[in-house]
Amino acid sequence: MTAPGLFTADRVAAMGSGPLYLRLRRLLEDAIAGGVLGEGEALPTERDIAELTELSRVTVRRAVDDLVKQGRLIRRHGSGTFVAPSVSRVEQSLSLLTSFTEDMARRGLTSRSEWLERIVAAPSPDEMMVLGLSVGDTVSRLERLRIADDVPMAIERASIIGSFLPDPASVTDSLYDALDRRSARPCRATQRISARNVDEREASLLKVASGEAALYIERVSYLPNGRVIEFTRSVYRGDAYDFVAELKIPER
């Protein structure tokens with residue numbers, strides 16, 4: 001049950017300056033962050049919130065819509081609006097070259113993907129340089145939203161030399177399994193990790209606020225003979241991932 005006295009005109013007014021929908025949104029955000037609204041808890045109907053706060057239903061709808069887009073609230077058709085479950089952080093080793101599917105399986109999480117693009121195309125200048133391609137070569141591009149236990153975790157954009165993966169539609173789950181079937185699974189990789197903020201498209205896919213902090217990772221993967229085969233650029237939710245590396249003290 002929603003805490004008594006949460007939705008009042010005075011509480012909304014106390015949320016600082018700015019448009020009324022932003023004040024209501026801040027009130028909801030603070031209530032969620034402080035545990036006043038718990039995970040899975042149902043909100044009153046938008047009409048009830050409007051009556052309690054003396055706001056218009058349009059104002060209430062806009063505030064709720066913003067939090068639904070950010071993934072903090074969930075609408076269930078016929079049931080109402082609920083506080084979304086918190087995201088469990090995933091600890092990812094930087095010393096192992098594994099696929100997202102393998103990582104999630106080891107943690108007992110159910111993973112799936114939503115394909116955003118699977119095409120064969122002429123390589124971009126960056127792809128030509130990293131993958132060592134020439135004019136006339138092709139590249140298979142695979143972009144997908146990575147999801148674990150129904151929570152969007154990352155957007156992955158992989159570019160594979162076309163001759164090693166001529167049909168990107170053949171990848172149904174694990175990219176590395178598909179490459180393994182063609183005796184082209186990479187054995188090592190280098191990764192560059194940096195911080196950035198998600199744009200509007202990325203925020204919509206990851207169910208976070210636009211401008212939210214994220215981890216941007218570029219990975220270049222190699223075959224046993226030293227040839228580059230994969231160039232992947234991924235955006236990981238900053239609130240869902242911890243990357244861990246084991247460090248060794250050099251011998252003297």
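These numbers were taken from a predicted model, which means no experiment stands behind them. Residue numbers count from 1 along this sequence.
One distance of note links OG of Ser140 with CD1 of Ile160; it measures 7.5 Å at 0.5 Å rounding. Put simply, CG on Leu175 and CZ on Arg144 are 6.0 Å apart, with the number rounded to the nearest 0.5 Å. Interatomic distance, Leu73 CG to Lys207 NZ, rounded to the nearest 0.5 Å: 12.5 Å. Atom CZ of Arg157 and atom CD of Glu143 lie 5.0 Å apart (nearest 0.5 Å). Considering CD1 of Ile49 and CG of Leu28, their distance stands at 6.0 Å, rounded to 0.5 Å. Here the CG-OG distance, from Leu165 to Ser159, works out to 11.0 Å after rounding to the nearest 0.5 Å.
Shown here are the salt bridge (charged side-chain N to carboxylate O under 4.0 Å, His left out) partners of Arg196, two or more places apart in sequence or in another chain: Glu202. For Asn225, the side-chain contact (heavy atoms from CB on, under 4.5 Å) partners are Leu223, Arg227, not counting sequence neighbours. Qualifying side chain to side chain donor-acceptor pair (under 3.5 Å) partners for Asn197, counting only residues two or more places apart in sequence or in other chains: none. Every salt bridge (charged side-chain N to carboxylate O under 4.0 Å, His left out) that Arg233 has, sequence neighbours left out, goes to Glu127. Applying the salt bridge (charged side-chain N to carboxylate O under 4.0 Å, His left out) rule to Asp65 yields the partners Arg75; only residues at least two apart in sequence or on another chain are considered.
Minimum heavy-atom separation, Ala189 to Tyr222: CA-CD1, 4.3 Å. Taking all atoms of both residues into account, the shortest heavy-atom contact from Arg237 to Pro152 is CD-O, 2.8 Å. The two residues Leu131 and Ile161 have their closest heavy-atom pair at O-CD1, 3.9 Å. Heavy atoms only, all atoms of each residue included: Ser113 and Arg146 are closest at OG-NH1, 2.9 Å. Heavy-atom minimum distance, Arg23 versus Gly16: NE-O, 3.0 Å. Residues Asp30 and Met15 approach most closely at OD2-SD, 3.8 Å, considering heavy atoms.
The hydrophobic clustering, which links ILVMFWY residues whose side-chain heavy atoms are closer than 4.5 Å, places Tyr216 and Val208 together. One hydrophobic cluster holds both Leu6 and Ile32 under the rule that ILVMFWY side chains link at heavy-atom gaps under 4.5 Å. Hydrophobic clustering, with ILVMFWY side chains joined whenever heavy atoms are under 4.5 angstrom apart, keeps Tyr21 apart from Leu27. Put simply, Val220 and Leu142 are part of the same group of oily side chains (I, L, V, M, F, W, Y) that touch within less than 4.5 Å, one to the next. One hydrophobic cluster holds both Phe164 and Val228 under the rule that ILVMFWY side chains link at heavy-atom gaps under 4.5 Å.
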*Test side chain to side chain contact (heavy atoms under 4.5 Å, CB included) applied to Ser221 and Arg219, step by step*: CA-CA 6 Å; Ser221 302; Arg219 183 173 69 231; 3.7 Å; yes

*For Glu218 and Phe231, what are the C-alpha separation, side-chain angles and deciding distance, and is it a side chain to side chain contact (heavy atoms under 4.5 Å, CB included)?*
CA-CA 7 Å; Glu218 284 191 358; Phe231 177 37; 4.2 Å; yes

*Could you go through the side chain to side chain contact (heavy atoms under 4.5 Å, CB included) check for Ser124 and Arg141 one step at a time?*
CA-CA 11 Å; Ser124 68; Arg141 293 196 192 114; 4.3 Å; yes

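With a 6.0 Å radius and a threshold of 12 heavy atoms from other residues, nucleotides or ligands, Arg26 has its CZ atom above the threshold.
A 4.5 Å side-chain heavy-atom check between Leu22 and Arg25 finds at least one atom pair inside the cut-off. Looking at heavy atoms from C-beta onward, Leu206 lies in side-chain contact with Leu145 at the 4.5 angstrom threshold. The side-chain heavy atoms of Gln191 and Ser234, taken from C-beta on, include no pair separated by under 4.5 Å.
In terms of modelled atom types and a separation under 3.5 Å, the side chain of Asp137 and the main chain of Ser134 share a donor-acceptor contact.
For the pairing with Thr59, the side-chain contact (heavy atoms from CB on, under 4.5 Å) check across Val12, Thr53, Leu20 returns one residue only, Leu20.
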Pairs of donor and acceptor atoms involving the side chains of residues 115-122, under 3.5 Å and at least two apart or interchain, shall be tabulated with distances.
| residue | atom | partner | partner atom | Å |
| --- | --- | --- | --- | --- |
| Arg118 | NH1 | Ala169 | O | 3.4 |
| Arg118 | NH1 | Val171 | O | 2.8 |

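Stacking of Arg185 on the aromatic ring of Tyr176 is not recorded, the 6.0 Å distance cut-off and the 45° axial limit not both being met.
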